[in-house]
Each structure stands twice: as C-alpha cells, then as structure tokens.
Amino acid sequence: MQVQRVVLNSRPGKNGAPVPENFRLEEINLAPDLKDGEVLVRTLYLSVDPYMRCRMNEDTGADYLTPWQISKFVDGGGVGLIDSSRCNNFVAGDVVISFNWPWQTHAVMTGSDLQKVDPQLVDGHLSYFLGAVGITGLTALLGIREKGHITKRANHTMVVSGAAGACGSIAGQIGRLDGCVRVVGICGSDEKCKAIVEDLGFSTAINYHLEDVPMRLKESCPDGIDVYFDNVGGAISDAVIAQMNNGSHIILCGQISQYNKDVPYPPPLSEETQKNLQSKNITRERFTVLNYMSKADAALCELSQWIKSGRIKVLETVVNGIENIGDAFCSMMKGGNIGKQIIKISH
C-alpha cells in the first residue's frame, strides 16, 4: 500500500519562525501484514497546534514533549477509522483518536496507543475530537475550573488573549457559562473580533494590531480584571496584568508570542510585571492539562452536552490535504486561523 507521510525536513533557525520547507512530503510503501496487537488506520483529520513549535527544536523545554527528529515522521493529535485489526479491542469501522498520530494518510499503529471514541459525543463532527471535545476543550475547561476560581454572582471579569484561537474561543464561552459578567477577548484582526462577539457571545473584543490595548482594557473592564486566560504572553499579557485586581488569577495556558524565541518556558517576565504580581497577590501558575486527566471523562461529557445544546459554538479553520499541512501549521503560528486549525485528510 502506497501512503503519503510528512517528515521533519529541517529545524527553524534559532529564534526563527517556522516555514513550510521545514516539512517534507514523502511517499512510502506500507506493509499490509499486521502483527498481533496492531491495527491499520485510515487518517481522517490531523491537528496542528502552537505547542508543536517547541517540538521542532532539539530541546522542547518540557519533559512531557519529545522533539521531532530530522527525516522522521511528524506526529500529533489525530482521528481516524480502523480499516483492519489484529487487536482484540478494535474492529474495522471503529473511530479512534491518539495524541501521537503519525502525519500519514494510513498508518499501522499499536492498539494500546489508540482510544475508541463515540461519534455521537460530537454529533458526527469527528474533527471536534481534536478540539472542542478533545485536549483543547479539556485545556479550556479544566484550566478555568482548576486555576480560574470563578465565583457566580461575584461580578467577575475575564480576559482571554488569543481569543479567536482553538483554546481561547472555547475558554471565553466557558467563562461566561461559569458566571463571569464580562468576558473580553483580545485578537489580531477585525474579522476575529467580530466572530468572537457575534458568534461566541464575548462581551467585547480588542484588536491588538489596531487598538490601544491598555486604553481599551480600561474601557472594557471598568471594575478591573479578575481572571486572565493567557495564551500569548509578551506585551499583551503585561498590559492585562497591569490592570488585574488584588487576589486575581492567571491561567497560564500558552505563550505563543514567545515560541519562536530561544527562551525558557514559561518565559521570564519584566520587572514591572513581576512587581504587579507580587504587590497584588496575583496567582500565576503554569497549567498543564495532562496533570488533570483523571477528570477528563466528566469534563468531555460536559463539553459534549454544551455543544449539542448550542451553548458552546465551535469555530474551525479546515485545510484539505496532507500536502498542505506545513502551510497550515505556519499560517496557524501567525494567527491565520479562526478557531481550531484542522487538516482534513480523507472522508
């Protein structure tokens, strides 16, 4: 069987943005013979995510992330169908997911690396297993529940940076559902600002490319900021932290503005921002969703119910074809996506 796969062709330069040429498309022959415990899967959808930029480095900076190797296949979140099976847990036609799905059109995988999922959880939108009803949705929900300390009827204001991205777009909606009276999103275009306000129910949105962020935060958050869902870091986060209330909380989810820089994670803060954290007793702890997977099943069920009922809306940017995955990854790293960036591989 001839299949297409994507390998890492080269690493970005130090402090460099990734380019499509960092990836290479290859054709390989896949032996159809399965060993005991193996399955043949057909890839339906693949996910590209900001954390993958760290995997392009020789050292990812995180003990739970392994670096991709030059000329070896690239992997990440994927969903697909079992074509054939020599594993007792799976039969042909099962829908399965994995965090370590190879970027291939078909692949032979070990059954223990796969998890069977129920398409009814997502009303048949199988790509949602890579986003809103997957690790992205879990990150938003558990991040808010574990680190946000939102109290109903406390008139809390929440700010989300990267608000039109995969995680931010879900987090803002959960903040509203959990009781925040204001949810303010920070985005990079008028189109994104319009989407999160009109489609997702954010109170207001700030275009950081065109607007004065500190001034707009003062206007949008007249009672200060109680919860900050931080996806970007850098100057935007400094501006948010400067207006946070005493005893407020930061959910440190990502720092995408810093991923192309040769700095540790989480990146160091300016002296002024560190003083703000200390003087206002602001809690800022790194959030890693993998530490809370014991709560995943209940959280995924809640996310599924919210989506089915229409209380949470899902935004996706879908690109067709494995040959376009490098372009889609680089576009996502520059903010070219609205919602979750998905690559559709087959039907």
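All values reported here derive from a predicted model rather than from experimental measurement.
- Side-chain atoms of Val79 and Val95, non-hydrogen and from C-beta on, do get closer than 4.5 Å to each other.
- A donor and an acceptor atom, one from each side chain of Tyr45 and Ser346, are nowhere located under 3.5 Å apart.
- Under the 4.5 Å side-chain contact rule for hydrophobic residues, Leu25 and Met56 share a cluster.
- In plain terms, the two heavy atoms of Gly131 and Thr136 that are nearest each other are O-CB, 3.3 Å.
- Each salt bridge (Lys or Arg N to Asp or Glu O under 4.0 Å) pair with one or both residues in residues 221-245, not counting sequence neighbours, appears once here: Arg182-Asp223.
- Note that NZ of Lys192 is 11.0 Å distant from CG of Leu315, once rounded to the nearest 0.5 Å.
- Rounded to the nearest 0.5 angstrom, Asp297 CG and Ser294 OG are separated by 9.5 Å.
- In this structure Asn57 satisfies the side-chain hydrogen bond (donor to acceptor under 3.5 Å, both in side chains) test together with Arg53, sequence neighbours excluded.
- The 12-atom threshold is exceeded at NZ of Lys280, counting heavy atoms of other residues, nucleotides or ligands nearer than 6.0 Å.
- Taken to the nearest 0.5 Å, the CG atom of Leu141 stands 4.5 Å off from the CD1 atom of Ile174.
- Taking every heavy atom of both residues into account, Cys87 and Gly111 meet most closely at SG-CA, 4.0 Å.
- Residue pairs meeting the salt bridge (Lys or Arg N to Asp or Glu O under 4.0 Å) criterion with at least one member in residues 60-86, sequence neighbours excluded: Asp36-Arg86, Arg42-Asp83, Arg55-Asp75.
- Taking each heavy atom of Ala205 and Ile196 in turn, the nearest pair found is CB-CD1, 3.7 Å.
- Here side-chain hydrogen bond (donor to acceptor under 3.5 Å, both in side chains) pairs that include residues 138-155, with residues two or more places apart or in two chains, are Arg145-Asp178, Arg145-Glu302, Glu146-Lys295, Lys147-Glu285.
- From Trp68, atom CH2 reaches atom CG of Leu8 across 7.5 Å, with rounding to the nearest 0.5 Å.
- Residues forming a side-chain hydrogen bond (donor to acceptor under 3.5 Å, both in side chains) with Trp103 (at least two apart in sequence, or on another chain): none.
- Checked against side-chain hydrogen bond (donor to acceptor under 3.5 Å, both in side chains), Asn337 has no partners two or more places apart in sequence or in another chain.
- At least one side-chain heavy atom of Gln243 sits under 4.5 Å from a side-chain heavy atom of Pro214.
- Put simply, Val91 and Leu114 are part of two different groups of oily side chains (I, L, V, M, F, W, Y) that touch within less than 4.5 Å, one to the next.
- The line from CG of Leu46 to CD of Gln104 is 10.0 Å long, rounded to the nearest 0.5 Å.
- Looking at heavy atoms from C-beta onward, Val289 lies in side-chain contact with Ile135 at the 4.5 angstrom threshold.
- Contacts classified as side-chain hydrogen bond (donor to acceptor under 3.5 Å, both in side chains) and involving residues 202-218 (residues at least two apart or in different chains) are given here: Asp190-Asn207, Glu211-Arg216, Arg216-Glu219, Arg216-Ser220.
- Rounded to the nearest 0.5 angstrom, Asn246 CG and Ser279 OG are separated by 7.5 Å.
- Residue Val7 is found outside any hydrophobic cluster, as its side-chain heavy atoms come under 4.5 Å of no other Ile, Leu, Val, Met, Phe, Trp or Tyr.
- Sorted by first and then second residue, the pairs that involve residues 333-347 and meet salt bridge (Lys or Arg N to Asp or Glu O under 4.0 Å), not counting sequence neighbours, are Asp49-Lys340.
- Residues in residues 114-138 take part in these salt bridge (Lys or Arg N to Asp or Glu O under 4.0 Å) pairs, two or more places apart or across chains: Asp94-Lys116.
- The side-chain hydrogen bond (donor to acceptor under 3.5 Å, both in side chains) analysis of residues 2-12, with sequence neighbours excluded, yields the pairs Arg5-Glu26, Asn9-Arg24, Ser10-Asn22.
- When all heavy atoms of Gly76 and Tyr51 are compared, the pair lying nearest together is CA-OH, 4.2 Å.
- A donor-acceptor pair under 3.5 Å is formed between the side chain of Glu38 and the backbone N or O of Lys35.
- Counting heavy atoms from C-beta outward, Val159 and Val227 have side chains that stay 4.5 Å or more apart.
- Within a 6.0 Å sphere centred on CD of Gln274, heavy atoms belonging to other residues, nucleotides or ligands number more than 12.
- Hydrophobic clustering places Leu142 together with Tyr64 (ILVMFWY residues linked when any side-chain heavy atoms are closer than 4.5 Å, directly or through intermediates).
- Judged purely by distance below 3.5 Å, without hydrogens or angles, the side chains of Tyr228 and Ser161 pair a donor atom with an acceptor atom.
- Defined by atom type and a distance below 3.5 Å, a donor-acceptor pair is missing between the side-chain atoms of Gln115 and Ser98.
- Shown here for Ile150 and Gly175, the closest heavy-atom pair between the two residues is CD1-CA, 4.1 Å.
- Enclosure of atom CD in Glu27 by more than 12 non-hydrogen atoms of other residues, nucleotides or ligands within 6.0 angstrom is indicated.
- Using a 4.5 Å heavy-atom cutoff, the side chains of Val240 and Ile186 are in contact.
- With side-chain heavy atoms closer than 4.5 Å counting as contact, directly or through intermediates, the hydrophobic cluster containing Ile28 also holds Met1, Val3, Leu30, Leu34, Leu40, Val108.
- Two different hydrophobic clusters hold Met215 and Ile225 under the rule that ILVMFWY side chains link at heavy-atom gaps under 4.5 Å.
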